[in-house]
Amino acid sequence: MYALVDAISFYASAEKVFDPSIRNKPVVVLTNNDGCICAVCPIARKLGVPKFKPYFQIKNFLAQHHVVIRSSNYELYADLSEKMMNVVARFCDEQYVYSIDESFLHFKHYQTIIKDWHQYGHKIRRAVWKETRLPVGVGFGTTPTLAKAANHAAKKLSGYNGVAVLNDETSIHAALSRMAVTDVWGIGTRLGCKLKVLGINTAWDLAQQSPQAMRKQFSVLVERTVNELNGVTCLSWDEVKQPKKEIFSTRSFGQRITSIHALSAALTSHSVIVGRKLRQQNSLVKRLHIFASSSPHDDNYYKKSLIYEFPVATDNNCQLAKAISIVLKSIYQPNVNFYRCGVGAIELVDGNYQQPDLFMPNKNNPHLMNCFDKINHRYGQGTMQLAGEGSSQQWQMKRYFLSPSFTSKWQDIPKIVC
DNA sequence: TCTGGGGTCCTAGGACCC
DNA sequence: TCTGGGGTCCTAGGACCC
């Protein structure tokens, strides 16, 4: 049995945790630079606020309906996410954190112990709510795709009340026949359109297809999805939690930048983020993709990207930053209004099997980076920086509606007034 | 006045090589 | 009459997810 535990409109709910005054109000959260809407709480959803619409296009509508607006507060979300994941982890010995607000659980040895999955799901929900004040949905299924579908049912379909269990023909039919085919994990709008032409409208319709035919017509991925919807596990636990094959950090700037120093600082910061993520999954990077561009909405769209290949794969921030300094001059162009930039590790190797260079001393110092990570995890990302990241905040993102960092800054700790 | 997210994976097609 | 390989690497863009 698999479970997917997923917070209900996580960013919006996180904003409500330390601010009870907005708990019963419609709340939306904006993406970086306050660009688009990226989270809509259930109350705001009822008003018809769409996800991923540019903010400026819907500003007036939000004002009319007194919707509370927040900029993305990643420091807060990352912290609450960790707390939530820790609570969930107590309920199963195998957890895989799939994204900031979702984790899969694999109940390999629990089949005989847990008699009532519904009850168990509610137990998880209650514990998370009690300890973090975050609402979650819990979906159980015999495959990861069914667990994902169950989670959708738990949160979006009436009658489930936050927990759904899909473990037999009846329960699977009941939920899937009420779900659009595009609500299935892995079926997006494009595939959805093509499936519609074939008369496949609901998730249940898709489950009824022959896997072989789906493979022939579409891809091996759709075949796998059909099998999974029928309780045939194709995504083994090891596959679900495989390390990432690419790791990117990219961001648009709050203000356009034109100086090479600002671009250098921004790229260096991205390389530090990539470094951290590499170390988290015990990977090393062999090739690094480094890029910067003006806005695609601009007249003279400029973009430039380069690949830097390391002689010996690394996860060391200093070496990543060095790569940036080497390619910087080839990417930078005077008179370009840079709008975004980023760094991507595109060829990764397993940290356990590093191929060293016979003629070069190993410059990787795991202890240094280990210490770096520990300090930043404890005192907040950015506490310890590379000098190359700079102290100027000129290129930092716009966050006009930022809530306090309740959990990660001393001066922002909530005060209880008696 | 102007504003338009970020991350991961996959594939088609071109360039190049033998 | 007409036809003409196969592999690797790179890049851009598509698709999907949150």
Side-chain angles (χ1 to χ4, degrees), chain A residues 4 6-14 28-40 50-60 69 71-72 74 77 81 97-104 137 144-145 148 151-152 155-156 181-195 218-222 224-225 235 239-256 270 273-274 277-278 280-281 283 286-287 289 291 293-299 301 303-309 337 339-348 397-401:
Chain A
L4 182 70
D6 179 337
I8 294 166
S9 43
F10 177 59
Y11 290 1
S13 299
V28 299
V29 179
L30 307 179
T31 56
N32 290 325
N33 294 315
D34 298 337
C36 294
I37 308 256
C38 72
V40 182
K51 233 175 157 182
F52 301 118
K53 206 174 178 62
Y55 168 59
F56 75 94
Q57 289 176 5
I58 199 177
K59 212 169 164 178
N60 293 336
I69 296 155
S71 303
S72 288
Y74 291 109
Y77 309 153
S81 169
V97 176
Y98 176 68
S99 74
I100 192 160
D101 75 325
E102 317 170 70
S103 66
F104 278 102
T145 305
K148 198 83 167 131
N151 183 274
H152 177 90
K155 297 201 306 189
K156 301 278 169 69
V181 72
T182 45
D183 292 332
V184 175
W185 193 27
I187 309 292
T189 43
R190 290 304 169 104
L191 270 170
C193 287
K194 289 179 189 166
L195 289 167
F218 299 103
S219 69
V220 61
L221 297 168
V222 181
R224 202 171 68 184
T225 301
L235 288 161
E239 275 169 328
V240 171
K241 45 186 257 184
Q242 251 177 15
K244 293 190 175 80
K245 295 174 181 169
E246 294 180 344
I247 291 173
F248 274 74
S249 174
T250 136
R251 198 125 304 162
S252 45
F253 304 118
Q255 264 180 311
R256 304 293 174 92
H270 286 302
I273 292 172
V274 168
K277 292 183 181 176
L278 283 169
Q280 263 169 15
Q281 66 165 33
S283 291
K286 182 74 179 145
R287 291 193 314 155
H289 188 191
F291 54 95
S293 70
S294 62
S295 166
H297 303 286
D298 286 355
D299 284 340
Y301 182 39
K303 60 174 176 177
K304 181 87 190 243
S305 72
L306 276 173
I307 291 184
Y308 181 85
E309 182 153 354
N337 284 316
Y339 167 74
R340 64 184 294 121
C341 74
V343 171
I346 54 168
E347 191 184 317
L348 304 185
M397 56 188 160
K398 273 191 293 209
R399 298 202 283 187
Y400 288 135
F401 314 102

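In what follows, chains carry the letters A, B, and so on, assigned in the order in which the sequence lines appear, proteins first and then strands, with residues in each chain numbered from 1.
Applying the 4.0 Å criterion to OP1 and OP2 of C/dG14, one finds that A/R190 has every side-chain N and O outside that range. Considering only side-chain N and O atoms, A/T31 lies nowhere under 4.0 angstrom from the phosphate OP1 or OP2 of B/dG4. Side-chain nitrogen and oxygen atoms of A/Y339 include at least one within less than 4.0 Å of the OP1 or OP2 phosphate oxygen of B/dG5. At the phosphate of C/dC9, neither OP1 nor OP2 sits under 4.0 Å from any side-chain N or O atom of A/R287. Side-chain nitrogen and oxygen atoms of A/K51 include none within less than 4.0 Å of the OP1 or OP2 phosphate oxygen of B/dG5.
Among the atoms of the strands shown, none is found under 4.0 Å from any heavy atom of A/G344. Backbone-only contact: A/V184 has heavy atoms under 4.0 Å from sugar-phosphate atoms and none from a base. Counting any heavy atom pair closer than 4.0 Å across all strands shown, A/F10 reaches no nucleic acid atom. Within the nucleic acid shown, A/D101 comes within 4.0 Å of sugar-phosphate atoms alone, with no base atom in reach, counting heavy atoms only. Nucleic acid contact for A/L191: sugar-phosphate only, since backbone atoms but no base atoms lie under 4.0 Å from a heavy atom of the residue. Nucleic acid contact for A/L221: none, since no nucleic acid atom lies under 4.0 Å from a heavy atom of the residue. Note on A/S219: nothing from the nucleic acid sits closer than 4.0 angstrom, heavy atoms only. Looking at heavy-atom distances under 4.0 Å, A/Y74 makes no contact with the nucleic acid at all. Among the heavy atoms of the strands, none lies under 4.0 Å from A/I100. Nucleic acid contact for A/S305: none, since no nucleic acid atom lies under 4.0 Å from a heavy atom of the residue.
Of the N and O atoms on the side chains of A/N337 and A/S294, not one donor lies less than 3.5 Å from an acceptor on the other residue. Looking only at atom types and distance, the side chain of A/D101 has a donor-acceptor partner in the side chain of A/S99 under 3.5 Å away.
For the pair A/E246 and A/G35, both in contact range of DNA chain B, the more 5′-proximal nearest nucleotide belongs to A/G35. Along DNA chain B, the nucleotide nearest A/V220 and the nucleotide nearest A/R251 are compared for position; the residue whose nucleotide lies closer to the 5' end is A/R251.
Looking at heavy atoms from C-beta onward, A/W185 lies out of side-chain contact with A/T225 at the 4.5 angstrom threshold.
Atom pair A/E347:CD and C/dC10:P shows a separation of 8 Å (rounding to whole Å applied). For the pair A/L30 CG and C/dC18 C1', the interatomic distance rounds to 16 Å; values are reported in whole Å. One atom, CD1 of A/I69, and another, P of B/dT3, lie 19 Å apart when rounded to the nearest Å. Nucleotide B/dT3 holds its C1' atom 14 Å from the CD1 atom of A/I37, rounded to whole Å. Remark: C1' of B/dC9 and NE2 of A/H289 are 15 Å apart, rounded to the nearest angstrom. Rounded to a whole Å, the CD1 atom of A/I187 is 19 Å from the P atom of B/dC9. Atoms CZ (A/R340) and P (B/dT3) sit 16 Å apart, rounded to a whole Å. As rounded to whole Å, 16 Å separates atom C1' of B/dT1 from atom CD of A/Q57.
Taking a centre distance below 5.5 Å and an interplanar angle below 30 degrees as the stacking criterion, A/F248 does not stack against the six-membered base ring of B/dG6. Look at A/F52 and the base of C/dC18; the rings stack, centres closer than 5.5 Å and planes less than 30° apart.
Side-chain proximity of A/I247 to the nucleotides B/dG5, B/dT8, B/dG7 is greatest for B/dT8. Among the nucleotides B/dG5, C/dC16, C/dC18, the one closest to any side-chain atom of A/S252 is B/dG5. Considering only the side chain of A/S99, C/dC18 comes nearest among B/dC9, C/dC18, B/dG7. When the nucleotides C/dT11, C/dC17, B/dG4 are ranked by their closest atom to the side chain of A/I307, C/dT11 comes out on top. Distances were taken from every side-chain heavy atom of A/S249 (C-beta onward) to each of C/dC18, C/dC16, B/dG7; the shortest belongs to B/dG7. Closest contact between the side chain of A/K303 and the listed nucleotides C/dG13, B/dT3, C/dC16 involves C/dG13.
Using a 30° and 60° split on the angle between ring planes, A/F104 and A/Y98 fall in the perpendicular class, above 60°. A perpendicular orientation is assigned to the rings of A/Y77 and A/Y74, their planes being inclined by more than 60° (bins at 30° and 60°).
For A/Y339 and A/F253, the ring centers are positioned 6.0 Å apart or more.
A donor-acceptor pair under 3.5 Å links the side-chain atoms of A/S72 to the main chain of A/L30, judged by distance alone.
Pair assignment for C/dC18: B/dG5, on the basis of Watson-Crick or G-U wobble contacts that are both within less than 3.5 Å.
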